[in-house]
Amino acid sequence: MTTMTFSQAINAGLRQAMDDDPKVLLMGEDIGKLGGVFRITNGLQKDFGAHRVIDTPLAESAIVGTAVGLAYRGYRPVCEIQFDGFIYPGFDQIVCQVAKLHYRTGGAVKMPLTIRVPFGGGIGSPEHHSESPEAYFTHTSGLRVIAVSNPQDAYTMLRQAIACDDPVLYFEPKRRYHSKGDVDLGASLGDAPAMESAAVVRPGADATLVTYGPLVATALDAATAAQDEGISLEVIDLRSLAPVDYAPIEASLRRTGRLVITHEAGLTGGLGAEIAAQLTERCFDYLETAPVRVTGFDVPYPPSKMEKYHLPDLDRILDGVDRALGRPNSLTGLEG
Amino acid sequence: MTTMTFSQAINAGLRQAMDDDPKVLLMGEDIGKLGGVFRITNGLQKDFGAHRVIDTPLAESAIVGTAVGLAYRGYRPVCEIQFDGFIYPGFDQIVCQVAKLHYRTGGAVKMPLTIRVPFGGGIGSPEHHSESPEAYFTHTSGLRVIAVSNPQDAYTMLRQAIACDDPVLYFEPKRRYHSKGDVDLGASLGDAPAMESAAVVRPGADATLVTYGPLVATALDAATAAQDEGISLEVIDLRSLAPVDYAPIEASLRRTGRLVITHEAGLTGGLGAEIAAQLTERCFDYLETAPVRVTGFDVPYPPSKMEKYHLPDLDRILDGVDRALGRPNSLTGLEG
Amino acid sequence: MNAYDGESLDPADWHAVEQLITADGTPVDNPELAGWVGDVTDYELADLYEDMVVIRRIDTEATALQRQGELALWPPLLGQEAAQVGSVRALRQDDFVFPSYRENGVAYCRGANVADMMAVWRGNTNSGWDPHGINVATPQIIIGAQTLHAVGYAMGITFDGTDSAAITYFGDGATSQGDVNEAMVFAASFQAPVVFFCQNNHWAISEPVGVQAHIPIAARAPGFGIPSRRVDGNDVLAVMAATRWALDRARRGGGPSYIEAVTYRMGPHTTADDPTRYRDPNELEDWAQRDPIERLGTLLETRGVLTEDRAAAVAAKADAVARELRAGVINRPDPGPLDVFANVYATPNAAVDRQRDRYARYLAGFGAGTETEGSLS
Amino acid sequence: MNAYDGESLDPADWHAVEQLITADGTPVDNPELAGWVGDVTDYELADLYEDMVVIRRIDTEATALQRQGELALWPPLLGQEAAQVGSVRALRQDDFVFPSYRENGVAYCRGANVADMMAVWRGNTNSGWDPHGINVATPQIIIGAQTLHAVGYAMGITFDGTDSAAITYFGDGATSQGDVNEAMVFAASFQAPVVFFCQNNHWAISEPVGVQAHIPIAARAPGFGIPSRRVDGNDVLAVMAATRWALDRARRGGGPSYIEAVTYRMGPHTTADDPTRYRDPNELEDWAQRDPIERLGTLLETRGVLTEDRAAAVAAKADAVARELRAGVINRPDPGPLDVFANVYATPNAAVDRQRDRYARYLAGFGAGTETEGSLS
Ligand SMILES: Cc1ncc(C[n+]2csc(CCOP(=O)(O)OP(=O)(O)O)c2C)c(N)n1
Ligand SMILES: Cc1ncc(C[n+]2csc(CCOP(=O)(O)OP(=O)(O)O)c2C)c(N)n1
Ligand SMILES: [Mg+2]
Ligand SMILES: [Mg+2]
């Protein structure tokens, strides 16, 4: 075990994947000498050369589109999108090419691309630098989507994503980059939990709290706070957003009967909607109350002085837990 | 009342909007002499001139992006995206500019754009010509999204969309273009139901069937078929997909206790997920069974010889109704 | 002999093009261009002629099959045979092609099975061949998207240190798309061994090329640092020469090149299109005078290569291909319902599996078969 | 005096630029270019000097405020004062500007309130001014997106039959984006009265301009049918002359023009950036020799225009603006929680209203205030 920051763990995962397979290469804006605006690729160009750690011209559609061509040629490109809000110029290539080429070619052409996206808010940035666009991709058939929440997963799941023959969107909670954790750099991928699996990160009995990425830490804090009030929350880290591993959530919900889902993305059509709908379908007879969603608001990501209001925090999550438990909460007395 | 096809109604709506307001102009690929690949803009360039019905170069990002500039200048552009699957090159401009400029400018700049999108399948077309991308836009704050299901709405709601000071995505069910209906061309917009309102298009008592666009006709057929079996379905046409008008659905569900939602878009993260989640939240105590979703599969839109399997049809909708009613259905005996 | 410089020209003007064979079948004196095809024998020229005749026959047959309801759609390449044959026949097998939907002539020359090729247009599959089998990517419908794939592939060639090349085909309309311009930026930045092959067939559905550009398309590339040529796209030899020039640059580390092949879409955009709504019939007649096949036929006849026997053999070949095509189309079984779920992912996926299993259960309720096609899908 | 033709040049080469004032403050003989600014008096030149000094002071003050934690971020324009002032001062009030995040000097000259301008970088609002108030769009962060807006706006000018123009600012990095190239396609196709003003400041964050292009940026436009010029972006007079040339073309129906102003980003990309990781300090020193303000100061001193009094007045103006800016920043109230929901839509929206009402209820539970800022948001 090595103690390292979240960003160092991603760096280590990239390094390991490049050591393991000469077909792995990195592409993106400013990932070379600078090591990326978040320094995730620090030192990699120096060690692997400019042909494997490629500073590209400033065009996201081309970053993804040329990665598709490299995949046709047998490479396993890892693209860095500088910030969440800059993925949209590449949206067409992701949705119409990356996601569909395996289907289009009847399985003849694989698209083992990984697209790394630092996502989410909480870092005081201007517009377009704090978004949570994951639901656009979980709604897109042909893609796999994961969001990591801790250094160990960041390291392991990045290697799994790169090794996967399907395209993977890999979302990194940028506000957690500096958080630290123990990482087992030597563990074999074979022993790791499957990339598609969710994890119960804190067991509990009264309600099930589902989240991913940056809010896992917040959810754990909320669970600790709830404990003080005598409420026992089971916290589940989705890890894989597409497909979602429903088994542990179902198992939890059969015990708790109460579900709270939280994410930074806006409410309407966020991943929470799908999870609420699925669990209502799968566990209807076990549900004591309607699934509760605690999310960012349905607004463009606000100026940073307001992000503390927009982002679900401990208090808003606990208010959601109160709703799920039928305890007094901010909506008490409101019908519907 | 005039009897006309769906496409004629859209054409009439465009014509009326252009007559009403000289700032309205149309932009898109092949919309001039050809009248669009679906002939929706037939005759308009001849009557209004090439400066108001503009054949643009072949670039969707530029179509939307220049429309933004025209809106800055006080115009009300109506963009035609030739097919659903070609909207993605324009995604960045729609999501980052069209949707956000009013918010960004603190209300100083309005974006009264209408983006017309022929959508959905059932016309035997090759890849990218039959998609249902609406959920990408209903998840995007700042946009309004509507989907029309009949000639009268097509005419009226297009005029409402163009007159609206917010940007509107206007989805046209292309496989219904040739269907006919009565249209009141003279009715004033003031008398029309609000653009945001849903409509109960068939009252019923046993279950609530919610849909929009191309599947409204299918849902009505299903209701007729169900009637033969003694099942009374209330069919609701959403009309507005963002925001959704929940009042009539809630009212219906309080009576029926059973909800079925159907759309062509894939299941995961489709609009049905949001509606199921919202109604579970709003009507939990009234629900007899979990909301049922009957949707396209989570696959890229398949080759046209297979679209009949992919698209929800009368039988699949009725199977969903059976699930909602707890009657024997395809999943009977399956747990979860 | 590098950058094209013709700013004041109309992009629709076909006169200002490099030629080796005129519209009436006369050889043109253009030593530099001719140098690239000095080794092409008359016998090989006749092979190109055969290719073009067969491709035209494929086109006619497919159009007929569409009219008969056997194909859902067909995008004719009528008139563009020389542009496609001249370029594709300049390639080596280890070069890789990134085409649009219209390059079915290219695919034929690369060895695509004509019957499988039609499966796309019948609506059975999305890909008419295995891209790795014939080194041709699946035809691209999203205008211009394939140009970036070609550049990426070519970057890979550089990284691998081999001397093959990538070529991408696209239309005059495509030149307006961001992707095509970004492809040039990346190609120039990485000096990728890629050939941009633009078939300026004068139309993007109903829009004349003048909507996309007021100056020749070939003028675009030099501003990106990419040398370009503008050739008569109906002159198979000029096209081949230009493509060899570009490929030679690519193989020798010279980076990307750009070719505008000025040709004409003599048919509708697709069988669903009605060009009488937007184009002057005289234009079509003018272009019929510059037919790519006829002019080569004339030249070969003059040279005594296209004998009656050879012509009969060519016609027989075309017939045979057309028969094979038709039989393949008509006898092709429909895909089964569960084929919908095949190959969404390369690795098992719980979400898709669940839907497939549930749908199978649903179908079983009808006693319906759930057989799959088993072929490409 | 049209298309720029300099294929063999390095895009980072600053020598091959049009100038009117050398780096050491000597006038250059360039009659054609000079003709565009023949009417500019020494007094007016001194005004440009003042603009540049004030803008540099704004930049320094904002950088300091960021270091002091009063601003979240600041994108310095240090070194680019001449490019911004020379171009914006060529405009009429009824022209419309579509800038990127770095054109805060442009905004100042257009009359933006410096305190409000800073609200964006403090994180209070997304727009530092009302675009219709000063005819400057909200700064664009999505690289290149604003160029399409400018073209659309310019198309509107044509439709309205007026003789104003649009100008769009973007960087060397932006030239690689599809949007910027599509903007040129549309501008050329519709002959829109728009000026593409590229500040080649040699860097896109850590990437030197050579990653984007191997030939000068100005060479790009002619291939789209858009004439271009490459000027010394640190020479305020040359920039003004080129911009007037472009605006004149626009006003007379001549369509779009393109200007590459070769300049240098002397500071970091933003205050969050650390250029020592990627750039040679010598390069910075070289460019310090070509400072835009110093050279004009030298010239004006030589001509006796920049007297001690005038210099003192300029400094006083800069001080006053800096004070205004600082006070505005420091005294700016934070937005309230419900401001999050303001202006998502122009018309009432049930989804947003519901969330706002519920959030207000939630806040009320804490007894928290729900006051709004009331200003722009
Ligand atoms: C992104 C996108 N937008 C629109 C279309 C619809 N469309 C199909 S072909 C075509 C015209 C293409 O013209 P061109 O590039 O000249 O190729 P050609 O058809 O002439 O071979 C259009 C607009 C598309 N397929 N993709
Ligand atoms: C679409 C998009 N991709 C990436 C970014 C991140 N980014 C911000 S500024 C910048 C470099 C821009 O360089 P240039 O266009 O030369 O302008 P400059 O900053 O030098 O003024 C990048 C990559 C962005 N803002 N938008
Ligand atoms: Mg064409
Ligand atoms: Mg720059």
Side-chain angles (χ1 to χ4, degrees), chain A residues 29-39 42 54-63 65 82-83 85-86 88-90 92 123-129 266-268 295-310 315-316 319-320 322 328-334 336, chain D residues 72-73 101 119-126 141-145 171-180 204-208 211-213 269 272-275 277-279 334-344 349 351-352 354-359 361-366 373 377:
Chain A
E29 296 155 8
D30 304 294
I31 67 169
K33 258 196 193 167
L34 182 61
V37 294
F38 292 110
R39 310 290 186 266
N42 220 348
I54 307 168
D55 264 341
T56 66
L58 208 176
E60 288 75 10
S61 188
I63 292 172
Q82 198 162 80
F83 279 86
F86 308 144
Y88 306 113
D92 177 60
I123 64 161
S125 267
E127 223 189 333
H128 312 292
H129 290 72
L267 179 84
T268 300
T295 70
F297 301 119
D298 285 334
V299 304
Y301 198 89
S304 61
K305 287 267 183 197
M306 290 187 256
E307 66 182 336
K308 60 173 178 276
Y309 307 123
H310 177 67
D315 285 331
R316 275 174 65 203
D319 181 57
D322 286 340
N329 65 75
S330 68
L331 300 183
T332 304
L334 263 194
Chain D
L73 192 78
Y101 45 86
V120 173
W121 306 105
R122 189 170 167 86
N124 288 52
T125 69
N126 285 324
I141 291 179
I142 301 295
I143 299 296
D172 45 300
T175 61
S176 294
Q177 282 284 12
D179 273 7
V180 177
I205 310 187
S206 74
E207 298 188 354
V211 170
Q212 320 291 339
H269 171 68
D273 180 38
D274 173 10
R277 290 179 66 95
Y278 55 80
R279 83 178 169 190
D334 283 350
L338 295 186
D339 285 326
V340 170
F341 302 96
N343 295 308
V344 182
N349 184 286
V352 173
R354 179 178 161 105
Q355 288 186 12
R356 193 197 46 237
D357 294 349
R358 290 182 158 214
Y359 188 52
R361 248 181 107 99
Y362 166 85
L363 293 171
F366 292 91
E373 189 194 7
S377 65

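Being a predicted model, the structure only gives us computed values, none of them experimental. Numbered from 1 within each chain, the chains take letters A, B, ... in sequence-line order.
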Parallel, tilted or perpendicular, as decided by the 30° and 60° cut-offs, for the rings of [Y] and [X]:
{"X": "Y301(A)", "Y": "H310(A)", "result": "perpendicular"}
{"X": "F86(A)", "Y": "H128(A)", "result": "tilted"}
{"X": "Y359(D)", "Y": "Y362(D)", "result": "parallel"}

Over all atoms of both residues, closest heavy-atom pair of P300(A) and V344(D):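 Shortest heavy-atom separation between P300(A) and V344(D) comes out as CD-CG1, 3.8 Å.
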Could you look at [X] and say if it's the side chain, the backbone, both or neither that has a heavy atom under 4.5 Å from chain D?
{"X": "T295(A)", "value": "neither"}
{"X": "N329(A)", "value": "neither"}
{"X": "D30(A)", "value": "both"}

Chain D contacts, top residue of T268(A), L267(A), T56(A) (heavy-atom pairs, under 4.5 Å):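 Ranked by heavy-atom pairs under 4.5 Å with chain D, first place is T56(A).
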Options E29(A), R39(A), K308(A), ranked by heavy-atom pairs under 4.5 Å with chain D, top entry: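 Option with the greatest count: R39(A).
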Proximity breakdown for [X] and chain A, heavy-atom pairs closer than 4.5 Å:
{"X": "A213(D)", "answer": "neither"}
{"X": "I205(D)", "answer": "both"}
{"X": "D172(D)", "answer": "neither"}
{"X": "V340(D)", "answer": "both"}

N349(D) vs R356(D), side-chain hydrogen bond (donor to acceptor under 3.5 Å, both in side chains): CA-CA, chis, key distance, verdict: CA-CA 11 Å; N349(D) 184 286; R356(D) 193 197 46 237; over 6 Å; no
For E127(A), all residues meeting salt bridge (Lys or Arg N to Asp or Glu O under 4.0 Å), sequence neighbours excluded: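 With neighbours one apart ignored, the set is R104(B).
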CA sep, side-chain torsions, deciding dist, call: R358(D), L331(A), side-chain contact (heavy atoms from CB on, under 4.5 Å): CA-CA 7 Å; R358(D) 290 182 158 214; L331(A) 300 183; 3.1 Å; yes
